[in-house]
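Numbers restart at 1 for each chain; the letters A, B, ... are given by sequence-line order, proteins then strands.
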Protein chains: 2
Amino acid sequence: MADEKPTSIWMQPERQERSGPGRRPGYSREQVTRTAVRIADAEGLDAVTMRRIACDLGTGAMSLYRYVPRRDDLFDLMIDLAMSEVELPDGPSGDWRADLTLLAGRVRAAGLRHPWLIALLTSRPTLGPNLLRVHEFALGAFEGIGLDIDDITGFAGMLDDYVHSAIRREIGWQEEARRTGLDPERWKRDYMGPYVRQVVESGAFPLFNRSVLESRTAHLTPEERFRQGLDRILDAVAALIAALPARP
Amino acid sequence: MADEKPTSIWMQPERQERSGPGRRPGYSREQVTRTAVRIADAEGLDAVTMRRIACDLGTGAMSLYRYVPRRDDLFDLMIDLAMSEVELPDGPSGDWRADLTLLAGRVRAAGLRHPWLIALLTSRPTLGPNLLRVHEFALGAFEGIGLDIDDITGFAGMLDDYVHSAIRREIGWQEEARRTGLDPERWKRDYMGPYVRQVVESGAFPLFNRSVLESRTAHLTPEERFRQGLDRILDAVAALIAALPARP
DNA sequence: TCCATTTGCGTACTACGTACCTGAAATGGA
DNA sequence: TCCATTTCAGGTACGTAGTACGCAAATGGA
C-alpha cells in the first residue's frame, strides 16, 4: 500500500472496518475531530495540539496519526465538522433575499459557536463537502433570477466576503485577547484602549476619529450590526441586479 | 523602569539614542523588521523565526528581544512596514471612484509583493499607523458626497472586505503550497486537482460545477479578474449612493 | 494453534519562543 | 587617562511543539 501523503485529506478516506486480520481501531477520525473541536471551542485554537487531543481521548499522541495524516489536515476536518452544523433547506425557496439572510445567520451562528472557525476558513484554501454544500445553497439562491454563472459566482463571492469579514470583526479580538493571556474585557481596555485613545487624541486621522466617536452603528448590538451590514450588501446586490442589462 | 509588556507595540517606542553612558545599540527595530519581511517574502511566513532573523542579521537570537518585545509584535511591525509601501496622494481628488481604484490597486500590489501580508492583516486586529493612513484615505474618498459617517464607514468596510478577500483568493493557495513543500504548480495539479475533479465528476454540486467549468471569469488574467470584481463593488456602491434618501 | 497483519503508543529527534545570566563594550566624570 | 556605570550581545537552557521510527499487543483466518 503506497503512502500517498501529498494529496487532499478528502481523497484519503478513513481506514474502513475490514474483516481481515489485525487489531481493530479503537477510535475514529470523526472522534478525533470532535475532540479537537471541543478543545478549540473551550480554549482556543492554540490549545489544539496532538498531545492534548490524545490526552483528552485517553491515548498517546502518536496514535492519532492512524486517523489523520497531518495536523493541518485535522484543521480541514474541523472546518468541515463545524460547517456541517449549518442547517439549510434542501433547495432555494424562490425568495433569494430570505434564503441568503437565513444562510448568513446560520453561518454567523456557527462562527460564534466556534470562534476559531472563520479565521481558519479564510486562512487556508479548503473545500470540504460541507463547505461545498453551503456554497451550493448560496449559488442556488441566485439562480433563477436570470443571472449568468459569472454573476452568480460574483454575487455569491461578495456575500461570502461580507459574512466572513463581519464575523471576524465581531470576534477577531477575542482570540487575540486569549493569545496574550488577558481576558477579553481587560484586553480591550488595557491593551488596545490606550493606543486607540492616543491615536484619537493626536487628531492625525479625523475621519477615523469620527467613525470611532460619532458612529451610531457602534451602539447597536452585534446582531443588529451584522444585520445592518448584510442588508447593505443585499441592497447593493438588488440594485445591481436591477441595473443588469436584460440577457437574451 | 517598569517592564510594561501587556500593551500594544505602538505604545512601546524603540529605545532612543540617549547620550548617557553605556553601549550603543548595534541594530534597530526597523532593521529587524526589514529582515523579517525579506525572509517572509522569499520563504514564507513560517520561515520567520527569531533564530533565522538573527542569523541573517549576523547576531544571536536573544539580541532581537532588545528591539522587539515579542514575536507577535514583530508581525504587527511587518504589516506596518509593508503597508508603508502603499503610496497615496495627500488627499482625495474629488473623483471617489478613481481614488478608490487607485487605492485598491496599490494595496493589491503590496499584497502580491508580500504574499503573507493579507493573511496576517486579516488574522489579527492590528491598527498600525500606516494601516490607519490607508484607511483614512479610503474614508476621505467617500467624504464630500453627502454621506454620513456611518455610511462612509460601511462603504469603506465593504471595499476593504472585497480587496482583502480578492487578494487572498488570488494568492492564498501559494502559501498553502509552500507549507506542504510542493511548488505551486504541482500543488494545484497533484494536491488539490484530483479532489476537485472527483467533486466535479460526482455531480453533487451542479452550480459549483458550472462556476468551475463554464465561467468566463476564470479565463481572465488575475489583474482583470480583480478589476472586474472591484468594478462590481464600486457599481454597487454607486447604486446605493444613488438610492440613498437625501439628507437635510 | 500459529502467523500475517494492523493498531497502540513510548522513545526520541528537531525546532520553536524566550527566561536568565555572563561578560564585553562604550561612555561621562575624575 | 582611567574607572565606575550603564547598556548591549549572545550563549545556555527550559518547556513545548510536530512527528519519524520501531516494537509490543491484539486479532482473525488458516
Side-chain angles (χ1 to χ4, degrees), chain A residues 1-6 9 12-29 31-32 35-36 39-40 43-78 124 179-181, chain B residues 1 3 5-6 9 12-29 31-32 35-36 39-40 43-78 178-181:
Chain A
M1 190 214 301
D3 202 0
E4 308 189 40
K5 279 279 195 62
I9 179 71
Q12 296 177 257
E14 182 165 15
R15 253 166 290 275
Q16 301 297 334
E17 281 281 336
R18 314 129 298 107
S19 55
R23 197 163 160 180
R24 285 291 155 76
Y27 309 93
S28 71
R29 182 178 280 186
Q31 207 175 345
V32 171
T35 305
I39 294 171
E43 300 168 41
L45 204 55
D46 290 346
V48 178
T49 68
M50 300 308 269
R51 285 173 172 85
R52 176 64 201 282
I53 298 167
C55 180
D56 276 26
L57 275 170
T59 183
M62 292 316 292
S63 304
L64 303 182
Y65 288 93
R66 296 278 165 189
Y67 306 96
V68 174
R70 303 184 325 264
R71 184 172 178 252
D72 278 5
D73 291 321
L74 186 58
F75 288 149
D76 284 337
L77 293 169
M78 289 171 68
R124 61 201 350 259
R179 241 194 303 278
T180 52
Chain B
M1 189 214 298
D3 201 0
K5 278 280 196 58
I9 178 71
Q12 297 178 258
E14 183 164 15
R15 251 165 293 272
Q16 301 295 334
E17 283 282 333
R18 312 131 300 105
S19 55
R23 195 166 162 180
R24 285 290 154 76
Y27 308 93
S28 71
R29 182 178 281 185
Q31 207 174 345
V32 172
T35 305
I39 294 171
E43 301 169 41
L45 204 55
D46 290 345
V48 179
T49 68
M50 301 307 270
R51 285 173 172 87
R52 177 63 202 281
I53 299 167
C55 179
D56 276 26
L57 275 171
T59 182
M62 291 316 292
S63 304
L64 303 182
Y65 288 93
R66 295 277 164 190
Y67 306 95
V68 174
R70 301 185 326 263
R71 185 173 176 251
D72 278 6
D73 291 322
L74 186 57
F75 287 149
D76 284 337
L77 293 168
M78 290 170 67
R178 184 142 48 188
R179 241 194 304 277
T180 53

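Counting any heavy atom pair closer than 4.0 Å across all strands shown, A:Arg71 reaches sugar-phosphate atoms only and no base atom. Among the heavy atoms of the strands lying under 4.0 Å from A:Ser63 is at least one base atom, whether or not backbone atoms are also near.
Taking atom OH of residue A:Tyr65 and atom P of nucleotide C:dA12, one finds them 18 Å apart after rounding to whole Å. To the nearest angstrom, P of D:dT19 lies 11 Å from CZ of A:Arg51. The CG atom of A:Leu64 sits 10 Å away from the P atom of D:dG18 (whole-angstrom rounding). Rounded to whole angstrom, the span from the CE atom of B:Met62 across to the P atom of C:dT22 amounts to 15 Å. Atoms CG (B:Asp46) and P (D:dG18) sit 13 Å apart, rounded to a whole Å. For the pair B:Arg29 CZ and D:dC8 C1', the interatomic distance rounds to 16 Å; values are reported in whole Å. Note: CG (B:Leu74) to C1' (C:dC16) measures 15 Å, nearest angstrom. The distance from atom CZ of B:Arg66 to atom C1' of C:dC20 is 11 Å, rounded to the nearest whole Å.
Distances from the side chain of B:Tyr27 to the nucleotides D:dA13, D:dG18, D:dA9 place D:dA9 closest.
Of the possible polar contacts, one joining the B:Arg71 side chain to the B:Val48 backbone as a donor-acceptor pair under 3.5 Å is found.
Nucleotide C:dG10 is matched to D:dC21 when pairs are restricted to Watson-Crick or G-U wobble geometry with both distances under 3.5 angstrom. For D:dA30, the paired nucleotide is C:dT1, the pair qualifying as Watson-Crick or G-U wobble because both relevant distances are below 3.5 Å.
Contact of A:Arg52 with D:dT16 (side chain to base): no donor-acceptor pair of N or O atoms is detected under 3.5 Å. In this model, no side-chain donor or acceptor of B:Arg70 finds a partner on the base of C:dG17 within 3.5 Å.
Between A:Met78 and A:Ala40, the shortest heavy-atom contact is CE-CB, 3.7 Å.
Between B:Leu74 and the choices B:Val32, B:Leu64, B:Ile9, the side chain to side chain contact (heavy atoms under 4.5 Å, CB included) rule is met once, by B:Val32.
Here B:Asp76 contributes atom CG and B:Arg70 contributes atom CZ; the two are 8.5 Å apart, rounded to the nearest 0.5 Å.
For the pair B:Tyr67 and D:dA9, the criterion of a side-chain N or O lying under 4.0 Å from OP1 or OP2 is met.
Residues B:Tyr27 and B:Arg66 are not in side-chain contact: their nearest non-hydrogen atoms beyond the backbone lie 4.5 Å or more apart.
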